[in-house]
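So the structure is just underneath, and the comments pick up after that.
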There are 2 protein chains.
Amino acid sequence: MMNIQEIESDKLEMAASMLKAIAHPMRIAILKHLEGGKKLTVTEIHELLGIEQSTTSHHLGILKDKGVLCSKREGKNTSYYLKHDILSQIVDCLQRCTCE
Amino acid sequence: MMNIQEIESDKLEMAASMLKAIAHPMRIAILKHLEGGKKLTVTEIHELLGIEQSTTSHHLGILKDKGVLCSKREGKNTSYYLKHDILSQIVDCLQRCTCE
DNA sequence: TTTACAAATGCAAATATATCAATATTTAGG
DNA sequence: CCTAAATATTGATATATTTGCATTTGTAAA
């Protein structure tokens, strides 16, 4: 049986882990490319960002694991897309706060 | 002279460092307490969160350094408050995405 | 100027992350 | 079944983060 503090602390942990997943230059770049419900494969992202395939897959894995992205196998490819459209808000908010 | 890619990459770095500052359970908790323009001292936050004074100061320093918070000395105390009200959006967004 | 409270800093140990190269797994097509 | 393409995983190394303790700095009041 969990008490209030534990539940609160769990929610904070969850929120932090989701945010930590996003808080990386390459992963923010990935999110920007996926805004508006777009779906992209690992190879497409790896070419768009100009980083290693394995590094790309690793970043996508983190984003999926922490509930930021979903993925769908389509033949040999796997497409990734935003789990919650509203997550774009975070990227937008950052843009406004850092562009002053 | 910076080229487009460098500028873009700089913006991503800046956004990521701001988000990384927020992406910690205690620091999210701090932000929640500061929503709506509230101002709190280091001691108040350290007591609210139940963590060490030095740890609290450290977290506040990170948030200030990365442009999330501002601070103001008032006698022996230092008050901290949100630099941009819209940053509450990020916390709200997380709440919606993690409470499903 | 001495005292006491508030906040910030330096340090060290434990833990977590990021990256790339190499390798493994999955799937489609011959 | 065999091969090639697309992804995922593993291992190793380098780097960064978190925390509390001890100490220092800043400020107000006696």
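So that the names make sense, note that chain A is the first sequence line, chain B the second, and so on, each numbered from 1. Values below: all heavy atoms of this structure, side chains included; hydrogens, waters and symmetry mates excluded.
For the pair A:Asp65 CG and D:dA8 C1', the computed distance is 13 Å after rounding to whole Å. Distance CG (B:Leu19) to C1' (D:dA16): 17 Å, rounded to an integer number of Å. Rounded to whole Å, atom P of D:dA6 lies 15 Å from atom OH of A:Tyr80. As rounded to whole Å, 7 Å separates atom P of D:dT18 from atom NE2 of B:His59. A:Lys39 places its NZ atom 13 Å from the P atom of D:dT7, with the value rounded to the nearest Å.
Side-chain atoms of A:Leu87 and A:Ile22, non-hydrogen and from C-beta on, do get closer than 4.5 Å to each other. Side-chain contact between B:Val42 and B:Tyr80: present, with at least one pair of heavy atoms (C-beta onward) separated by less than 4.5 Å.
In this structure, A:Thr55 OG1 and A:Leu49 CG are separated by 10.5 Å, a value rounded to the nearest 0.5 Å. Here the CG atom belonging to B:Leu19 is positioned 5.5 Å from the CD1 atom belonging to B:Ile90, to the nearest 0.5 angstrom. Of the inter-residue distances, the one linking A:Leu69 atom CG with A:Tyr81 atom OH reads 9.5 Å to the nearest 0.5 angstrom. To the nearest 0.5 angstrom, A:Leu94 atom CG is 10.0 Å from B:Leu12 atom CG.
Within the structure, every side-chain polar atom (N or O) of A:His46 is placed at least 4.0 Å from both OP1 and OP2 of D:dT7. Contact annotation: B:His24 reaches the phosphate of D:dT19 (side-chain N/O to OP1 or OP2, under 4.0 Å).
With a heavy-atom cut-off of 4.0 Å to chain B, the contacted part of DNA chain C has its first and last nucleotide at C:dC5 to C:dT9.
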When you check every protein heavy atom under 4.0 Å of nucleotides 21-30 of chain D, what one-letter string (B, S, -) results, 5' to 3'?
BB----BS--
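Using modelled atom types and a 3.5 Å distance limit, the side chains of A:Ser71 and A:Lys64 yield a donor-acceptor pair.
Residue contacts shown for B:Thr78 are limited to sugar-phosphate atoms, with no base heavy atom under 4.0 Å away. Heavy atoms of A:Thr56 sit nowhere under 4.0 angstrom from any nucleic acid atom.
Heavy-atom distances to DNA chain C give each of A:His58 and B:Ser57 a nearest nucleotide, and the one nearer the 5′ end belongs to B:Ser57. Looking at which nucleotide of DNA chain D each of A:Lys20 and A:Ser71 is closest to, the 5′-most match is held by A:Ser71.
In this structure, A:Glu44 contributes its side chain and A:Thr41 its backbone to a donor-acceptor pair below 3.5 Å.
Partner A:Ser79 forms a side-chain hydrogen bond (donor to acceptor under 3.5 Å, both in side chains) with one of A:Arg73, A:Lys39, A:Glu74 and no other, that one being A:Glu74.
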